[in-house]
Each structure stands twice: as C-alpha cells, then as structure tokens.
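Below is one structure, written out as structure tokens; comments come after it.
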Amino acid sequence: MEQKNTYEVHEIEKKWQKHWEKNRSFVAKDGDSRPRFYALEMFPYPSGNLHMGHVRNYTLGDVVARYQRMNGKNVLHPIGWDAFGLPAENAAIKNKVHPEKWTRQNIAVMREQLKALGISYDWEREFATCDEAYYKWNQWFFIKFFEKGWVYKKKASVNWCPSCLTVLANEQVSASGQCWRCDSVVQPKELEQWFIRITDFAEELLKGHELLKGKWPEEVLTMQQYWIGRSDGAEVHFSIEGRQDKLTVFTTRPDTLFGATFMAIAPEHPLAKELAAKVGKSAELDTLVKGQRERKRQRQEADEKAGFFLGVNAINPIHQKPVPIWVADYVLMDYGTGAIMAVPAHDQRDFEFATKYKIPVIEVIGDPAKPVAKFDKAMEADGVMMNSGEFNGTPSSDGKRKVGEWLKAKSQGKPTVTFKLRDWLVSRQRYWGTPIPMINCSRCGLVPVPEKELPVKLPTDVEFTGQGQSPLALSASFVNVKCPKCKGQAKRETDTMDTFVDSSWYYSRFCDSKNSTAPFDPVKANWLPVNQYIGGIEHACMHLIYSRFWHKAMKRLGLVSCDEPFDRLLAQGMVTLGGSAMSKSRGNVVDPNAIISKFGADTARMFILFAAPPTKQLEWSDAGVEGSWRFLNRVWRLINDTVAKSKPQGTLSEEQQKSLKRKTHWAIQKVTNDYGIEIQINTAIAAVMELVNELYLYPALGDATSKEAVRAVVQLLSPVAPHLMEDLWGILGEKGLCSESSWPKADPAWLVSDTVEIVIQINGKLRSRLQMAPGSSKDVLEREALADEKVKSFLAGKSVVKAIVVPDKLVNLVIK
RNA sequence: GGACUGGUGGCGGAAUGGCAUACGCGUACGGCUCAGGACCGUAUUCCGAAAGGAUUGCGGGUUCAAGUCCCGCCCAGUCCACCA
C-alpha cells in the first residue's frame, strides 16, 4: 500500500472547527479572573465574498488572539457586520431585491467563509449594524448628543441629479461630475442637513495623540494631526465703509497686519452675494462659485486665481487706512471665517492675485535697511517687522503675539485657534441606514422621538426606484406621526445616518452585544480599550477619528472610563497581484475559496502571514502558497516520524542535543517576541522553519530533546495553522487542545551558548573569526585577535593604531 | 504642489550602528524512485581559476565601524490638496 505523504487537510480542518464550536473554545467569559485581552479587527462590509484583504486582516488578528489565549488571557475576539450602506441599496434598485435580503444573504456566505478559515471568534457576540437591536442605540446616542447640543441642523450643499431627482452620494458621482445612472451633470443643491459637532472635540482628539504615541503607527497619527489641522493665529475685525457690520478674518500671521493691501472673501460669503449684486456682477460671482465647487469636487489642481473688486473698502484697525474688499476664488467659505486679509508681500497666493490685478505689495517683514525693490514671489519666512508703526523691529514670532494682544486690548479682534476639521455631516438621503429619530413639528420645532418608542424602524413599504428625495419619504405611514410634545400632526425626519456612525462605537457593543436596555453595561465595558486593533490604513482618518470622537463623547456621557478606544493599532498593508490592489475591474482577483479548497485554510493563513511583514504590501504568489503547503506537510511528517519512533532510535550526540536545545529555546524566544510584542509574523514563521530544518538533520528522533523541540514546533505554529497543529498535538499524545495549552517558555539557560563567534575586522573589513568563551575580557579578545594567523598576514609591515573591542561580538583593528 | 512610507540577490523578504543577503520561492546538481512537477540532501549576491575584490536607488557627510544616523538628489506607492 502506498504511503501518503500529504495530510488529509479538509477532514482535519472540518473536524477541529466542529470541535472548537462544540467546546465553546473561543467564547469570552465575563467575570473571569484571568487578565483580559481584547483583540479586534475592523469588521467587514458584507459585500458578498471575502477577499484576500479580509483574509489577511482576520488571520493577523487571529494569531494575536490565539497567542494571547495560550498565554493565559481571557480573550475577547468578536466579529460582526458593518451592514448598512449604499451597495445594498444599489442592488435593490438594479435587481429588485430588498436591501435587507441582499445583506443577510451576503452575511450568511461570508460567515461560512470566516468559519472555514478557522478564525477563533466568539460567535455568540455576533451582530449586524442593520439589526434593530443595534441601530436602536445609534438613535439613542443621536438623541443624547442632541440633548447635549452636539447635534444640530443647518443648510449644506449636496449632489443633486436633476434627471433622477435624487441626492447622490459622492461615490455615485463620476470623476467628470456625472450621475452614475443617467450621466446627467450633477448639480449642487442646498438642503437642511444634520451635523455632529465633532469640532468641539478637536482639541481633545489632538491631545489624545500623546497617549497613542508609540502604540499607533506614526504615519496614522501624522495624518490625523494634519486632518484635524490646528492653526494658531488671530481674528481681526475690519469695519466696512458706510456699514454697521464688520468683516472678520482669521490669520496665522497677525504680524503682517500692516501689509494687508486688500481683503479677499469667499465667493460663497453672504457679503459677496450682496455686494456683487450692488455692482451688477452677480453673474460673474456665480461663475466663481461654480468654478470653485467644480475644482473641489474633481480635486483639480488650482489654476489661475480669479476675482473682482466689490466696490467697498474695509478699514484696517491697526492704522485706520482703507483696504479694498475683493471676492477671490481661492478663499474657502468653510475654513476660518470665509474671509482673509491679503498680504501679498508675505503670502504666495495673495501675491499671485495681487500681481494679476495690480494691487500694491507692501513689505512688512524683512530688513528695514535693505527693503526689497521688487518682489517676484512672496517672502513667507519669519523676520523682523517693518513699515509697522510702533511694532517696527519686533521679530515676527513676538509680533504674532503682540499684535494679537493689541487687537484684544482695542476690541478689534483676539488671538484665536482654528481647525481644518469640519463638523461631521451625518444625514444621508438614503434608505439603508439608521433612521434619524427626530420629528419636525410646526409648533414645537425639532422634537426627539421618546426613548421608549425606539427603535424607529425602517419602513418596509418602500419601493426602490432610485428617484425622489429620501426613499423613507415615500412611506406615508412612516412620515406622518403625532408630535410627542403637543400631540399635533407632525412629520418624521426621513434622512438616515451616515454608516460611519454604525462603525464608531461597535467595538464597545461587543462587550455586551445582547443588551436590550442600554447600548452596553458600563461595567461590562471594562474590556475596553481594545488592546489590539487591526485594519487597513485607508481608515486612518475617517473611521479612526470618528470612533475616537465617539469614545470621548461616550466618556462624557459616563459610559466608558478610558480616554481612547484602541490602545494599539496595526495598519495592515494591501494584498496585490501584479503590483496593484486586487479588484474586479482590473481582473486580478484571487479567490480565497479556491485557495482553501485546494490547500486548506492553514496553508492560506500561513502563506499570507509569511509572505510579507504585516504592515507592508503583500504581493500574491501561487508558488509561495505551495511553499507553505509543503512546509506544513513537512511538519506533519516530522511529527508522525517522531511518534513512530517513540522508542529512541540511537541517541543524539551531546553536541547535537545542545544545538537542538538552543535552537528550540531561541525559536520560542523569537516567536514569543514576534507574536506578542512586534507582530512580525513573517519572521516568527521563519524561526520555526529554522527549527524544523534542524530537526530534519538528525536521524534519531524520539529522545527527550527532540520531543521537546517537536512539541514547541506544534505550539509555536498553532496560532498560524491551528487545525493541523491541533491534530498533531493529539498525535503527540498531549492531553487537551493545543489551542488551550500553555505557551512554551524560553529557558534563559539555553539562550546563551558555550562559545561565541568573535568577528575580527581590520579597518572595518571582516578578516577572520574566533571561537571564544562568552564573557571573555577585552584584553583576551585583543590578544587572541592579534595572534590569529590570518590577522598576522594582514599586519605584516603595518602597525596597529587602535583596537576596538566589543565583548562577545567583535574586534576591529585599525592599522596603518 | 504638500505630507507620509518605502527602494537590499532572478523573486517575496531578513538584519538593537557591529558577520549584508536569515527564511521561503525559483534554479542547478545528487539521492530515492517504474516515474515524478512528491520526498531527502547539496549549492545558489556579483566578478574572479584562486588569492581577493565589489555590492543594500544616486551623490556627499558623521563614525574604529553605516542597509541602519545626518544633508542633497532620483524613483515608486499611499494620502491630502488654494486650510489664510
């Protein structure tokens, strides 16, 4: 009979998956005395199928979870579904399937795929954000935020398709500004929208970075810092000739106030509209507004700046001289005050505008002894104030502060701080999301739905035509309600919430996912913060800022006690094929199912962990997958051979035993560090490979040293290839589950060796090596080095100028 | 235009300022085989017969010693993009 040389992968994987489930091996236990560990991966959008990016994400998280479990931690490793969103609604319009049906079907498929991968989830805590039991709490939070004044309503611009008569999400507008369905040119339209006052938390979000330094990738913190965009400067009030109101600007350079030669206001500024009408240039203004929006939407490179004089002067408070007010298309309405004082000498954008329209340039920062004759570009660096009256001679850095103080003293402005972060627009004119739990009453205004009436459920009598405003508005039974305050006829809010709301607090729901009286029990939330969070870098700004904000809001509400939701963050790299991200449109997708059915989950997991460091881009390679498959079989044969030779077949020499022992403990040490501290799974696997290679060198397996080594191999690989290792654990005759066994400990005695190799360098170049006892003194090392034959030959006719000796490492002889 | 990350053999990648190229893929050779694209082993950065020399995108610098630190440049990827 032919001996099999590959293992029965599918049989083994199924067997252990069933066993773990029956045994409830991965269920997190509340009220357990062991130290807690919360491992979390960003939950998936149920798009239909798992892709390789998911496999990488969830496998990485699983190694962390399984490793911590074997280290005696009570591990929470949950999974759920980020289930609301546009694709479900698009599918509904195209295929006449209800979004919920489409979503639930996808979840069912993907759940099975995750189970087939053997990810050690606590499935008992699973939920989808489209569950009424979950989105009820989105609504509850919304109302709490409303009561706190963190939620408000104001007009904002949306994408409007004039042919479909519907609001479009940004993703539904093509790069050239056309509707995804009818190709009509999309127009901006002003609608009442809901906002969350995240800007109130800007300072706190920035401050939180202190806690995250060293635990989050520097890259992500930098991106967030830029996104939040704190600028220190001053507000300056300019009076306007012939008017009572003032024009307030924000500047980071109050020290240049004397050099403001014109005011520039945003085309969308209310004053621009009024003044443009007076000078008969409303049409020109409209062109500026449209051009600006167009560029913003298409992320176009800024071309030549444009604008015009609005016919009125402002008065510079610092010297009372008139300054013309212009409208300019490079000024943004939604940053600062929507108006600037333009200082062409010291700001490049102002300079370009001034040059084009022949506006004077006055140098106010520089060297008074050597004034610039003619500017060919703005001088933006700091310097000394000049042409600035009483402030002449003041360095800019002091000037910024002093002018701010002067303005404050004269009530003409004050030092102030501005952020780039905007309030979060959370309303969507969509069906498949959480209904906003508010009621519009003509007498009482905006009234929250009473808590006992939550959740406001999504209506089911809605047709998905893709037309009209919000699909919810099509349900009469949904819209028409009684006002909770005055009991009069009122109308329900028909917008739904941005799906980023769902993902902003889901991690805390996992602490208590079945709670029906609160989003979660604050006591059970002692799992927080998430110890290790893992996900794609693409969420560096949006999701990771929103959830940090939400967490801080929950803290203010007394629901959580820690400051940050995620203690350590790992931003995993993309999975690519042919150098670019896998995508259907590129046709370079590798289906995880195909890999699993050919080689099994363990091979798929191992390859994806081994092929690249977790944070780097991973290039898919079929040959590499086979390499992982071969390695696992190599381990399988090794263990079977060891067991077959349960009676020692000869013995290892003392040297071999020592060497194997050292390799074993070195590998334990290396893997422990790589799983638990660095999360460098690729090098951990390489270390186990080295140990396996050494085991293959020795013919006589079955002795105690070999058994210890083999046992370590199985445990060290268990987080990576859990199914096979579980099976081999049994074959080794071990009791219980490998996934529940105690992580092996490296014995420090075996981490040092009898001799160390000392590298001998001459002028920094490697010339020889010595075997020495560890801890040999510098003198001994130097003497031995000089006595070395090879060294002598290099020394002939030269003299040693200097000798650098690094104990247990090297001797470097500098010769002349 | 700006910010960030990276650039190491034929390929994926290793390397607390101290032996560059661990581990894997591929390739070659040998063993085992009826056979093998299975398995076991050996070799494998480049030049050179060897001694030896060169080598971590390019150019400089610091250091006894640089892939690693500093300065300038080139290239690739990601994100942001008129933020006063």
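These numbers come from the heavy atoms of this one structure, side chains and all, not from hydrogens, waters or symmetry mates. In the text below, chain A, chain B and the rest are named by the order of the sequence lines, each starting its count at 1.
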Neighbour count >12 (heavy atoms, 6.0 Å) for atom NZ, A:Lys290: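 Count not over threshold, so no.
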
Sidechain N-carboxylate O distance under 4.0 Å for [X], [Y]:
{"X": "A:Asp255", "Y": "A:Arg253", "answer": "yes"}
{"X": "A:Asp779", "Y": "A:Arg783", "answer": "no"}
{"X": "A:Asp788", "Y": "A:Arg767", "answer": "no"}

Base orientation of B:rG72, syn vs anti, 90° cut from 0: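 B:rG72: anti glycosidic orientation.
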
Can you measure [X] atom [atom1] to [N] atom [atom2] for me and round it to whole angstrom units?
{"X": "A:His539", "N": "B:rU78", "atom1": "NE2", "atom2": "P", "result": "16 Å"}
{"X": "A:Tyr335", "N": "B:rC80", "atom1": "OH", "atom2": "P", "result": "18 Å"}
{"X": "A:Glu626", "N": "B:rG36", "atom1": "CD", "atom2": "C1'", "result": "14 Å"}
{"X": "A:Ile537", "N": "B:rC80", "atom1": "CD1", "atom2": "P", "result": "11 Å"}
{"X": "A:Leu221", "N": "B:rC79", "atom1": "CG", "atom2": "C1'", "result": "15 Å"}
{"X": "A:Phe631", "N": "B:rC40", "atom1": "CZ", "atom2": "C1'", "result": "16 Å"}
{"X": "A:Asn763", "N": "B:rU63", "atom1": "CG", "atom2": "C1'", "result": "13 Å"}
{"X": "A:Trp620", "N": "B:rC25", "atom1": "CH2", "atom2": "C1'", "result": "14 Å"}

Selection from B:rC23, B:rA84, B:rC40 that lies nearest to any side-chain heavy atom of A:Arg634: B:rC40

Candidate nucleotides B:rA3, B:rA38, B:rA54, ranked by approach to the side chain of A:Thr222 - the nearest: B:rA3

Do [X] and [Y] have ring centres separated by under 6.0 Å?
{"X": "A:Phe610", "Y": "A:Phe631", "answer": "no"}
{"X": "A:Trp424", "Y": "A:Tyr546", "answer": "yes"}
{"X": "A:Trp326", "Y": "A:Tyr357", "answer": "yes"}

It should be established whether [X] places a side-chain nitrogen or oxygen under 4.0 Å from OP1 or OP2 of nucleotide [N].
{"X": "A:Arg767", "N": "B:rA51", "answer": "no"}
{"X": "A:Arg630", "N": "B:rC25", "answer": "yes"}
{"X": "A:Tyr226", "N": "B:rC79", "answer": "no"}
{"X": "A:Asn693", "N": "B:rG24", "answer": "yes"}
{"X": "A:Arg637", "N": "B:rA38", "answer": "no"}
{"X": "A:Lys765", "N": "B:rA54", "answer": "yes"}

Nucleic acid footprint by protein, nucleotides 6-21 of chain B - heavy-atom cut-off 4.0 Å, B for base, S for sugar-phosphate alone: ------SSS-B-BB--

Rounding to the closest angstrom, what is the interatomic distance between [N] and [M] at atom [atom1]?
{"N": "B:rA65", "M": "B:rC75", "atom1": "P", "result": "32 Å"}
{"N": "B:rA14", "M": "B:rC69", "atom1": "P", "result": "16 Å"}
{"N": "B:rG57", "M": "B:rU21", "atom1": "P", "result": "16 Å"}
{"N": "B:rG37", "M": "B:rC25", "atom1": "P", "result": "16 Å"}
{"N": "B:rG10", "M": "B:rU16", "atom1": "P", "result": "24 Å"}
{"N": "B:rU56", "M": "B:rA20", "atom1": "C1'", "result": "7 Å"}
{"N": "B:rC58", "M": "B:rG48", "atom1": "C1'", "result": "27 Å"}
{"N": "B:rU45", "M": "B:rA81", "atom1": "C1'", "result": "43 Å"}

Check: A:Gln292 side chain, A:Asp329 main-chain N or O, donor-acceptor pair, under 3.5 Å: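 Present.
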
Sidechain-backbone polar pair: A:Asn673 side chain, A:Gln669 backbone, donor-acceptor under 3.5 Å: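 Answer holds: no.
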
Over-ring placement of A:Lys305 relative to A:Tyr330, 6.0 Å and 45° cut-offs: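 Yes.
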
Distance, nearest 0.5 Å, that separates CE of A:Met772 from OG1 of A:Thr755: 10.5 Å

Reckon [X] touches a base, only the sugar-phosphate, or nothing at all at heavy-atom distances under 4.0 Å?
{"X": "A:Ser628", "answer": "nothing"}
{"X": "A:Lys802", "answer": "sugar-phosphate"}
{"X": "A:Asp350", "answer": "nothing"}
{"X": "A:Val331", "answer": "base"}
{"X": "A:Arg230", "answer": "nothing"}

Pairs touching residues 332-342 of chain A that satisfy side-chain hydrogen bond (donor to acceptor under 3.5 Å, both in side chains), sequence neighbours left out: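 Listed once each, the pairs are A:Ser231-A:Tyr335, A:Lys296-A:Asp334, A:Asp334-A:Arg422.
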
Dot-bracket notation for RNA chain B, counting Watson-Crick and G-U pairs under 3.5 Å, with | for partners on another strand: (((((((..(((.....[....)))((((((.......))))))(((....)))..(((((..]....))))))))))))....

Nearest-nucleotide comparison on RNA chain B, the residue closer to the 5′ end among A:Glu538 and A:Phe250: A:Glu538

